[in-house]
Amino acid sequence: MIFCINPECQHRQNSEKSEFCQACGTSLVIENRYRLLKSLRPLDDRLPTELFEVDDRGTRKVMKILKSDRSDAIDRFEREAGILQWMNHPGIPRSDLDGYFSVSIPNRSRVLHCLVMEKIEGLNLEKWVKLHGKISQKQALVWMRQLLEILDAIHREGFFHRDIKPSNIMCKPDGQLVLIDFGAVRELTDTYLAKLKRTDNLKTDIDRVTSVISGGYTPQEQIDGKALPQSDFFALGRTFVYLLTGTHPTDLPINSATGQLKWRHLATQISPLLADFIDELMAQLPRNRPQNAMEMLSDLHPHRLRLRQIRYQFKQLCFFLQSREFKFLATSLLALIVVVSIVNRLSFPEKAEYYYQRGLAAQQENRLDLARKSYEKALKYQPDDYKSYNNLGLVCQKIKDFKCAENYYSKSLKIEQNSGTFYNLGQIYEQMEEFDRARIQYQQAIELGGETIDYSLSALARLSILQGDLNRAIELSEQGLQQTQKPKVRSALYRNLGWVYWMQADYAKAEDNLKEALQWQEDRTEAYCLLALVRESQGRTIEALQQWQLCRDGDAKNRVEILSWQTMARQRLLKAKKIP
């Protein structure tokens, strides 16, 4: 049997040999390729969407159909389609660029919006636990890392899921977890953040932000319409409570004094350290939860987990040694530590250099946790080493802990003023959107000279463009081209000039400079985006679409202008697909 797509049809099941519905006459072959094989959940007129397994010319896929014609529902549906088409991650269902379309039903005024996506084989984690029972610590760590990597990919693209729970996580036969149902996904735009920060007309603003609530898994701020990426971490913690206890969070007691869930007595198979980690995810206030998924992945690194376990055992040992029976032994141990410390001080400079070199090697291998620990040890032996402070700032910058990076860069500059550290601090302020402070740091780096003068000229020119000072941007970019032969920096400087000339409607100069930027660095995403805008401004639509595709597929580098242009790219390409 195959199904009719018309939700108002009175008899939707038809023979698989039929081309048109026997009840209402609607075509049973959608977009000349899809046939609806079976409904994946009960058909209910009260639900805004339907979900079908479909045949796509011999391949099984899933089609989600939006029945509602409300503008906010259509916006959410398009947002879901966009992220599935945009993301390329094994933990997120794939959808082709032509997988989103609308279908008109004869004698029906409204259209149906459809999204076709990859069919994920396997069980969702709610069913998995009912079949296999609660999970072990080893399994919890494997799944936690997988889900954090998925969330890190989503959050880095400027989105957050808002509906994480066991039934929305699939476990494939090969063990890979896949996060599904992106219908509640939200983009973390400046407009959205502004709504959450406003204090006037608060009730009106909250009403405009759609709340998504899954009992037991949704934090209070999301229920209030003020969800943040950290809301996903709360839901993730509650999900692991279910996986580790086999009990739904709403069936567990609450500590009336702290508001924390009382669940540990049902998860005795895990260590107190892992339980502490999950409780931290479920903190009542978002600011008390981890701030990003990368930070948590670092905490779950096997070496760091072993270190935490050693520290925990050491604390237990100390408590034991401080008991009355072992008071004398504890005093003797302390005296021994003091003696060893005095002896070790004689070789502090050599130890500082050893740990600094170990930190450099770990940093080059992207083992950031080990690098950070090594630099911190180097500073214990040589507290006035500005290089270790600077490199600690780089490590914090890499994991996007900007306050930490600012702190270490500032400490480095108090010891010795260095153009590279001024440039690094400028990068941090720029990522914190404190542009005036960033300009000051870049200017300091330029005045000091050194190896980063060309980088600082390029960065200062870019900020001048963002703040509308186009003549200053041209002056700085041309000065930078006289200073450097580094391919990436020259590419960025030519990008600046192309950007300015496009804004000044000098399209010939803009195109020449953007082509030059790509000659020096062929994977410069923003050059493709700007070329698309130049050619679009000239009416060269086909050529613009080619550049829009390269813009969409490039690395955004978390730059606000590139993210904006890539959003335009997706819109342009989707619109082009809909034009017959």
Side-chain angles (χ1 to χ4, degrees), residues 190 397 402 405-406 409 413 417-521 524-534 537 551 554-568:
D190 291 339
Q397 186 172 351
F402 300 137
E406 179 189 16
Y409 287 144
L413 289 170
Q417 294 200 344
N418 178 277
S419 63
T421 308
F422 276 121
Y423 172 77
N424 293 338
L425 189 53
Q427 291 278 287
I428 289 299
Y429 287 139
E430 192 173 328
Q431 289 174 290
M432 294 168 69
E433 298 186 4
E434 297 184 20
F435 298 125
D436 288 337
R437 297 179 76 183
R439 289 172 69 93
I440 293 170
Q441 303 308 315
Y442 293 143
Q443 194 62 53
Q444 291 271 33
I446 293 168
E447 290 173 4
L448 275 177
E451 293 184 358
T452 60
I453 185 172
D454 47 1
Y455 290 98
S456 299
L457 285 165
S458 176
L460 197 54
R462 174 179 167 271
L463 285 183
S464 296
I465 296 172
L466 291 174
Q467 295 180 330
D469 192 349
L470 303 186
N471 291 331
R472 177 66 172 156
I474 293 174
E475 177 188 337
L476 290 166
S477 297
E478 290 177 344
Q479 183 182 346
L481 288 170
Q482 294 172 5
Q483 293 276 348
T484 186
Q485 288 299 315
K486 297 172 188 172
K488 288 187 178 180
V489 185
R490 289 185 70 83
S491 176
L493 292 163
Y494 280 117
R495 177 275 321 272
N496 292 340
L497 291 171
W499 190 356
V500 170
Y501 290 130
W502 169 71
M503 293 177 72
Q504 293 178 338
D506 192 340
Y507 302 131
K509 280 188 178 181
E511 185 167 353
D512 287 344
N513 280 280
L514 292 170
K515 286 181 177 178
E516 190 70 26
L518 292 169
Q519 285 292 324
W520 286 97
Q521 185 184 354
R524 184 164 289 279
T525 302
E526 60 269 42
Y528 291 115
C529 301
L530 285 162
L531 269 176
L533 289 166
V534 168
S537 301
C551 169
D555 181 7
K557 302 171 186 171
N558 290 326
R559 289 287 177 85
V560 62
E561 68 269 20
I562 304 178
L563 291 170
S564 174
W565 291 332
Q566 287 182 331
T567 299
M568 293 171 63

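Keep in mind that what you see is a predicted model, and the values were worked out from it rather than measured. FYI, side chains are in, hydrogens and waters are out, and symmetry mates aren't considered; it's all heavy atoms of this structure.
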(request) Taking all non-hydrogen atoms of both residues into account, name the closest pair between Ala405 and Ile428 and its distance. (result) CB-CD1, 3.5 Å
(request) Please tell me if the side chains of Leu493 and Val489 come closer than 4.5 Å, counting only heavy atoms from C-beta onward. (result) yes
(request) Compare every heavy atom of Tyr423 with every heavy atom of Ala459, then report the nearest pair and how far apart it is. (result) CB-CE1, 4.3 Å
(request) Answer yes or no: is there a donor N or O on one side and an acceptor on the other, between the side chain of Ser464 and the main chain of Leu460, under 3.5 Å? (result) yes
(message) For Gln521 and Arg495, which I'm curious about, is there any donor-acceptor pair between the side chains at under 3.5 Å?
(response) no
(request) For the pair Gln566 (side chain) and Cys551 (backbone), establish whether a donor and an acceptor sit closer than 3.5 Å, ignoring hydrogens and angles. (result) yes
(request) Report yes if some heavy atom in the side chain of Tyr455 is under 4.5 Å from a heavy atom in the side chain of Gln427; otherwise report no. (result) no
(message) Can you tell me if Lys488 has over 12 outside heavy atoms packed within less than 6.0 Å of its NZ?
(response) no
(message) To the closest 0.5 Å, what do you measure between OG1 (Thr452) and CZ (Phe422)?
(response) 10.0 Å
(request) Give a yes or no on whether Gln519 atom CD has more than 12 heavy-atom contacts from other residues, nucleotides or ligands under 6.0 Å away. (result) no
(request) Go through the structure and list residues passing side chain to side chain donor-acceptor pair (under 3.5 Å) with Glu406, not counting sequence neighbours. (result) Tyr429, Arg437
(request) Could you check if a side-chain atom of Met568 sits within less than 4.5 angstrom of a side-chain atom of Leu533, using non-hydrogen atoms only? (result) yes
(request) Mind checking the OH-CG spacing from Tyr442 to Leu457? Nearest 0.5 Å is all I need. (result) 11.5 Å
(request) Working to the nearest 0.5 Å, report the span between CD1 of Ile453 and CD of Gln479. (result) 6.5 Å
(message) Going by the rule side chain to side chain donor-acceptor pair (under 3.5 Å), which residues pair with Glu451 if we only count those two or more places apart in sequence or in a different chain?
(response) none
(request) Give a yes or no answer on whether the side chain of Ser458 reaches the backbone of Asp454 with a donor-acceptor pair at less than 3.5 Å. (result) no
(message) Let's go through Asp436 and Gln467 carefully: what are the C-alpha distance in whole Å and the side-chain angles of both, what is the deciding distance for side-chain contact (heavy atoms from CB on, under 4.5 Å) to 0.1 Å, and is it a yes or a no?
(response) CA-CA 10 Å; Asp436 288 337; Gln467 295 180 330; 3.7 Å; yes
(message) Nearest 0.5 Å, please: how far is NZ in Lys509 from CD1 in Ile474?
(response) 7.5 Å
(request) With rounding to the nearest 0.5 Å, note down the distance linking CZ in Phe402 to CD in Gln431. (result) 4.0 Å
(message) Is it true that Tyr409 and Gln441 share a donor-acceptor pair across their side chains at a distance under 3.5 Å?
(response) no
(request) Could you tell me whether the side chain of Thr525 and the main chain of Asp555 form a donor-acceptor pair under 3.5 Å? (result) yes
(request) Would you mind reporting whether Asn496 and Leu476 have side-chain heavy atoms less than 4.5 Å apart? (result) no
(message) Using the ring centroid of each side chain, check whether Trp565 and Trp502 are separated by less than 6.0 Å.
(response) no
(request) Starting at CZ of Arg524, measure out to SG of Cys529 and round the result to the nearest 0.5 Å. (result) 11.5 Å
(request) Might you point out which heavy atoms bring Ala473 and Ala461 nearest each other, and give the distance in Å? (result) CB-O, 3.6 Å
